[in-house]
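By convention in this document, chain letters (A, B, ...) are assigned in the order of the sequence lines, proteins followed by strands, and residues within each chain are numbered from 1.
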Protein chains: 2
Amino acid sequence: MFSIGQLSKATGVKVPTIRYYEEIGLLPQPGRNAGNQRRYGQDGMEALGFIKHARDLGFSLEDIKALMGLDGQLGADCAAADRIARSQLANVRDRIRKLQQLASELERISHLCDGGNGGCCKVLTALGDHSQCAGEHG
Amino acid sequence: MFSIGQLSKATGVKVPTIRYYEEIGLLPQPGRNAGNQRRYGQDGMEALGFIKHARDLGFSLEDIKALMGLDGQLGADCAAADRIARSQLANVRDRIRKLQQLASELERISHLCDGGNGGCCKVLTALGDHSQCAGEHG
DNA sequence: TGTAGGGCCTCTAGTCACTAGAGCATCAAG
DNA sequence: CTTGATGCTCTAGTGACTAGAGGCCCTACA
């Protein structure tokens, strides 16, 4: 049996976050000891580990709820899980693409003041004027 | 003179968002007509355009506030603006790097169920177990 | 001049995923 | 038996908006 603090240390999820997950129904309510403190078993540990890993992979809590609801079943659920994972992958790729455009734009803007110290500021001008941009962004 | 709706259409910033920017002191309070409705001039249009473009480039409202406070001055302010832009660039590059790791991880996980329809679900297993991952992420 | 409809006003509350703090109870070690 | 860490609940705050209620105003058309 683990206390909430031990669970926190083992998984790297902060204590208030664990309570938050419980509050929104993502983690099942654990048992309590005589003094009303939460006591977790191995299943609680695994559930929280699952959530942590999925969060690190960028899944929303909503997605995770769906994924956890699916667990323990087979067939169609596998397809659903796969679908969620793939849509998350597409999502991530899209964010990468957009960020790369931003990076090149910012790079261009930053170069405007390379060592310059008199009579700028072209950085501010560039920030205010989208028409100076090479391509689309945002 | 523009109404808030015209400003919204011209810049692509939603009406409640414009009011929100005013509320937090990012946009100066415009004049009002006899019926208490906001009326903007060219300066309001430019200020909002600046904010919109900077937001699209991923700057926080806090950063934008700093950038706008700097405008109209020279020298040291140019350096400050440059510093903010460069730090934003570093930030974006870092996010790209992390997202790329996530993408490769998700790709691996997605492939586990390629056309599989019996006796999975390895997707869920992989999501629950970080030790299966090739490298670091998150 | 009257009216219909859109646009505008303020205010409150909700979103997501937490984080911080108050004020108190409980637990484990010495 | 005490002390200090850990736990409890509850409320409120974060960033950057978004949604909705309930009402006022403005413009175009008849």
Side-chain angles (χ1 to χ4, degrees), chain A residues 1-27 29-41 44 47-48 50-68 84 88 91-92 95 98 102 138, chain B residues 1-27 29-40 44 47-48 50-68 84 87-88 91-92 95 98 102 138:
Chain A
M1 285 305 205
F2 316 104
S3 72
I4 196 169
Q6 291 172 322
L7 209 65
S8 170
K9 233 169 237 167
T11 58
V13 178
K14 289 185 192 155
V15 168
T17 305
I18 298 174
R19 287 198 277 248
Y20 169 72
Y21 288 162
E22 179 185 326
E23 188 190 324
I24 62 170
L26 195 57
L27 267 183
Q29 299 198 337
R32 304 280 180 132
N33 71 356
N36 197 34
Q37 302 195 346
R38 290 168 179 81
R39 289 294 176 262
Y40 298 88
L48 188 54
F50 180 94
I51 296 170
K52 174 66 160 64
H53 194 205
R55 281 298 292 145
D56 283 349
L57 289 171
F59 289 86
S60 71
L61 295 186
E62 209 49 47
D63 277 345
I64 295 173
K65 211 177 255 184
L67 286 167
M68 291 182 80
I84 293 173
Q88 175 62 9
N91 190 337
V92 167
R95 273 154 69 199
K98 278 187 183 147
L102 289 190
Chain B
M1 284 306 204
F2 315 105
S3 72
I4 196 168
Q6 291 171 323
L7 209 65
S8 169
K9 234 169 235 166
T11 58
V13 179
K14 289 183 190 157
V15 167
T17 305
I18 298 175
R19 286 198 276 251
Y20 169 73
Y21 288 163
E22 180 186 326
E23 187 191 322
I24 63 169
L26 194 58
L27 267 182
Q29 299 196 338
R32 303 281 180 131
N33 72 356
N36 196 34
Q37 301 194 348
R38 291 168 180 82
R39 287 296 174 260
Y40 298 88
L48 188 55
F50 181 93
I51 295 170
K52 173 67 158 66
H53 193 205
R55 280 299 292 145
D56 282 349
L57 289 171
F59 290 85
S60 71
L61 295 186
E62 209 50 47
D63 277 346
I64 295 173
K65 211 178 253 182
L67 286 166
M68 292 184 82
I84 292 173
S87 113
Q88 174 61 12
N91 189 336
V92 167
R95 273 155 67 199
K98 279 189 183 144
L102 289 190

Chemist: State, to 0.1 Å, how close B/Gly5 and B/Val15 come at their nearest heavy-atom pair, and which atoms those are.
Modeler: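 Minimum heavy-atom separation between B/Gly5 and B/Val15: CA-CG2, 4.2 Å.
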Chemist: Does anything in residues 10-18 of chain B reach DNA chain D, meaning a heavy atom under 4.0 Å, and if so which residues?
Modeler: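 Correct list: B/Lys14, B/Thr17.
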Chemist: Looking at CG of A/Leu26 and CD of A/Glu62, how far apart are the two atoms once the value is rounded to the nearest 0.5 Å?
Modeler: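 The CG atom of A/Leu26 sits 9.0 Å away from the CD atom of A/Glu62.
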Chemist: Identify the heavy atoms of A/Leu7 and A/Thr11 that sit nearest to each other, and give their distance.
Modeler: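 What the structure gives for the nearest pair is O-OG1, 2.8 Å.
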Chemist: Pull out every protein N or O sitting under 3.5 Å from an N or O of nucleotides 26-30 of chain C, one pair per line with the distance.
Modeler:
unit_1	atom_1	unit_2	atom_2	d
C/dC27	OP1	A/Asn33	ND2	3.4
C/dC27	OP1	A/Gly35	N	3.1

Chemist: Of B/Tyr21 and A/Ser3, whose closest DNA chain D nucleotide lies nearer the 5' terminus?
Modeler: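 On the 5' side of the pair lies A/Ser3.
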Chemist: With a 4.0 Å cut-off on heavy atoms, is A/Ile4 in touch with a base, just the backbone sugar-phosphate, or nothing at all?
Modeler: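 Answer is sugar-phosphate: A/Ile4 comes under 4.0 Å of backbone atoms only.
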Chemist: Could you check whether B/Arg19 gets within reach of a base, just the sugar-phosphate, or nothing at all, counting any heavy atom under 4.0 Å?
Modeler: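 Answer is base: heavy atoms of B/Arg19 come under 4.0 Å of a base.
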Chemist: A/Tyr20 has an atom OH; how far is it from atom P of C/dG21, in whole Å?
Modeler: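 Distance, rounded to whole Å: 19 Å.
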Chemist: How long is the span from the NZ atom in A/Lys9 to the NZ atom in A/Lys14, to the nearest 0.5 Å?
Modeler: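 Between atom NZ of A/Lys9 and atom NZ of A/Lys14 there are 14.5 Å.
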Chemist: Does the side chain of A/Arg55 get closer than 4.0 angstrom to OP1 or OP2 of C/dC18 through an N or O atom?
Modeler: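 So the side-chain polar atoms of A/Arg55 do come within 4.0 Å of the phosphate oxygens OP1 or OP2 of C/dC18, strictly under.
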Chemist: Hey, does the side chain of B/Lys65 reach the backbone of B/Gly25 with a donor-acceptor pair shorter than 3.5 angstrom?
Modeler: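 Not at all, since once roles are kept as given, no pair shorter than 3.5 Å links the two residues.
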Chemist: How would you give the extent of chain B contacts on DNA chain D, as first and last nucleotide 5' to 3' within a 4.0 Å heavy-atom cut-off?
Modeler: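 So the contact region on DNA chain D extends D/dA16 to D/dC26.
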Chemist: Report yes if the side chains of B/Leu48 and B/Phe2 come closer than 4.5 Å at any heavy-atom pair, otherwise no.
Modeler: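 Contact flag for B/Leu48/B/Phe2 side chains = no.
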Chemist: Do A/Ile64 and A/Tyr21 touch side chain to side chain, with heavy atoms closer than 4.5 Å?
Modeler: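 Of all side-chain heavy-atom pairs linking A/Tyr21 with A/Ile64, none is under 4.5 Å.
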Chemist: Calculate, to the nearest 0.5 Å, the distance between atoms CG and OH belonging to A/Leu27 and A/Tyr40 respectively.
Modeler: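 Reported to 0.5 Å precision, the distance equals 6.5 Å.
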Chemist: Whole Å only: how far is the CD atom of B/Glu22 from the P atom of C/dC8?
Modeler: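 Taking CD of B/Glu22 and P of C/dC8, I get 14 Å after rounding.
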Chemist: Which heavy-atom pair separates B/Arg39 from B/Pro30 by the least distance, and what is that distance?
Modeler: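 Residues B/Arg39 and B/Pro30, closest heavy atoms: O-CB, 3.6 Å.
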Chemist: Rounded to whole angstroms, how far apart are CD on A/Glu62 and C1' on C/dA17?
Modeler: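 In whole Å, C/dA17 C1' lies 12 Å from A/Glu62 CD.
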Chemist: Quick one: does A/Arg32's side chain get under 4.5 Å of A/Gln37's, heavy atoms only?
Modeler: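 No, too far: nothing below the 4.5 Å cut-off.
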